[in-house]
2 protein chains.
Amino acid sequence: MNKIQELPWDNPRFRTWIAVARAEKAIVRALSKALEPLGLKIAQLDMLMNLYRHPGQSQHDLARRLLVGRSNITMLLPQLETQGLVRRESDANDRRILRLYLTQDGEERLMEALAVYTRLIDRVMAQSTPEQCEAMGEQMRRISEALAED
Amino acid sequence: MNKIQELPWDNPRFRTWIAVARAEKAIVRALSKALEPLGLKIAQLDMLMNLYRHPGQSQHDLARRLLVGRSNITMLLPQLETQGLVRRESDANDRRILRLYLTQDGEERLMEALAVYTRLIDRVMAQSTPEQCEAMGEQMRRISEALAED
DNA sequence: TGTATTTTGTTCATGATTGAACTAACTTTG
DNA sequence: CAAAGTTAGTTCAATCATGAACAAAATACA
């Protein structure tokens, strides 16, 4: 069996990726905990944020923007609906489409959650200077673009 | 309702976090696909890698290193065992402990997978200069440390 | 018009992961 | 030594995301 020339643990690029994956996981954990008192999960907050920015979008659009399956939206929406945070309205012109809107309560809960969210991210990103942080964001966006070519 | 002063979408630090989360997700997707021909999932590869570096560790230690629950290890291990990639041996001195070892096949599969893995990560990280990449890794490690204080 | 294709949302079976409860084995301590 | 506490691994129920199969509705096109 041919051994690999350089084991990944000694590869700086690989070590960076490991660090990225670990940090992302840590942030997700911390965010989950921070949102718990608000009765929101990350997936739900993502939806609320998207609906705030793009009111009236269809479930299909929302799924595409969140990079999740359409069925996922179908499963998650009732949770927000029964909490009274989101409203679904049939489109008049295309009866297949359900248009999604935040309710007043939904918008208020979103604002509370965003305060928690930004506080956490500010704290996390305070580990870097604004310039470093900006550079990191730029690199990450390039990575996403590079991988999007499929 | 008090509006939030600055909406997160205009916050550079927040935008960086979104970019990180997106890129991480994209890389995980790409890696999943790349490993498919080898019959390995990411979680399984993580285990093989850890067992290569730390042969003979217990399931408890492995779970701790991978930052997953112990039950997860219990569920995943049989998949690798039936493929003949991993061997479990009872510890002679402490009969609660099962010590884990890669088999010859396991090591060979790991090397194949690592070749695929490093090729992908090299491609991904080639979006940055080595210096940028190194800086990013350093920032990510600081973030993990900052959040570890719980 | 009428048939074929596409699109939207839902349902369902599947797989991953988690945490709590449990058993067996070891350790501490009185 | 015996009781209490701790640790390793397993089991199980619950949560969550996914993709395939499907129904209803809209669109294309012949």
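By convention in this document, chain letters (A, B, ...) are assigned in the order of the sequence lines, proteins followed by strands, and residues within each chain are numbered from 1.
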- Item | Side-chain (A:Thr103) to main-chain (A:Gly84) donor-acceptor, under 3.5 angstrom | yes
- Indicate, yes or no, whether a donor-acceptor pair under 3.5 Å links the base of C:dG9 to the side chain of A:Thr74. no
- Message: Let me spell it out: for each of A:Ile73 and A:Arg96, pick the nucleotide of DNA chain C with the closest heavy atom. Which residue's pick is nearer the 5' end?
- Response: A:Arg96
- Polar side-chain atom of B:Ser128 near backbone of A:Gln139 as donor-acceptor pair, under 3.5 Å: no
- Message: Is B:Lys41 close enough to C:dA16 that one of its side-chain N or O atoms is under 4.0 Å from OP1 or OP2 there?
- Response: yes
- Item | Salt bridge flag under 4.0 Å for residues B:Arg87 and B:Glu107 | no
- Provide, to the nearest angstrom, the distance between the CE atom belonging to B:Met47 and the C1' atom belonging to C:dA16. 13 Å
- Answer yes or no: does a side-chain N or O of B:Gln79 lie under 4.0 Å from OP1 or OP2 of C:dG15? no
- Query: Can you say whether the rings of A:Phe14 and B:Tyr117 are parallel (under 30°), tilted (30 to 60°) or perpendicular (over 60°)?
  - Reply: perpendicular
- Message: Base, sugar-phosphate or nothing for A:Leu98? Non-hydrogen atoms, less than 4.0 Å.
- Response: sugar-phosphate
- Query: Could you state the CE-P distance from A:Met75 to C:dT14, rounded to the nearest angstrom?
  - Reply: 14 Å
- Message: Applying a 4.0 Å non-hydrogen cut-off, can you work out what B:Ser58 is touching in the nucleic acid: base, sugar-phosphate, or nothing?
- Response: sugar-phosphate
- Find the distance between CD (A:Gln44) and CG (A:Leu77) and round it off to the nearest 0.5 Å. 10.0 Å
- Message: Categorize B:Arg70 for me: base, sugar-phosphate, or nothing, with a 4.0 angstrom heavy-atom threshold over every strand shown.
- Response: base
- Side chain of B:Leu76: nearest nucleotide among C:dT17, C:dT10, C:dC12? C:dT17
- Query: Given the rule in the side-chain contact (heavy atoms from CB on, under 4.5 Å) test, do A:Val68 and A:Met47 qualify, once you have shown the distances and angles that lead to the verdict?
  - Reply: CA-CA 11 Å; A:Val68 301; A:Met47 293 179 57; over 6 Å; no
- Name the nucleic acid region contacted by A:Asp94, choosing base, sugar-phosphate or nothing; use a 4.0 angstrom heavy-atom cut-off, strictly under. sugar-phosphate
- Task: Over all heavy atoms of both residues, which pair between A:Gln127 and B:Ala146 is shortest? Give the atoms and the distance, please.
- Result: NE2-CB, 3.4 Å
- Query: Rounded to the nearest Å, what distance is computed from the NE2 atom of residue B:His60 to the P atom of nucleotide C:dG19?
  - Reply: 13 Å
- Across the strands shown, which category fits A:Gln44 at heavy-atom distances under 4.0 angstrom: base, sugar-phosphate, nothing? nothing
- Quick one: on DNA chain C, does B:Arg95 or B:Ala43 contact a more 5' nucleotide (nearest heavy atom)? B:Ala43
- So, B:Asp61 and B:Arg64, do they make that salt bridge, N to O below 4.0 Å? yes
- Start at the 5' end of DNA chain D and walk down; is the nucleotide closest to A:Asn72 or to B:Leu77 reached first? B:Leu77
- Query: How close or far is atom C1' of C:dG9 from atom CZ of A:Arg88, stated in whole angstroms?
  - Reply: 9 Å
- Whole-Å distance between C:dT17 P and B:Leu62 CG? 13 Å
- Round to a whole Å and report the spacing from CG of B:Leu45 to P of C:dA16. 15 Å
- Query: What is the 5' to 3' range of DNA chain D, first to last nucleotide, that sits under 4.0 Å from any heavy atom of chain A?
  - Reply: D:dC16 to D:dA26
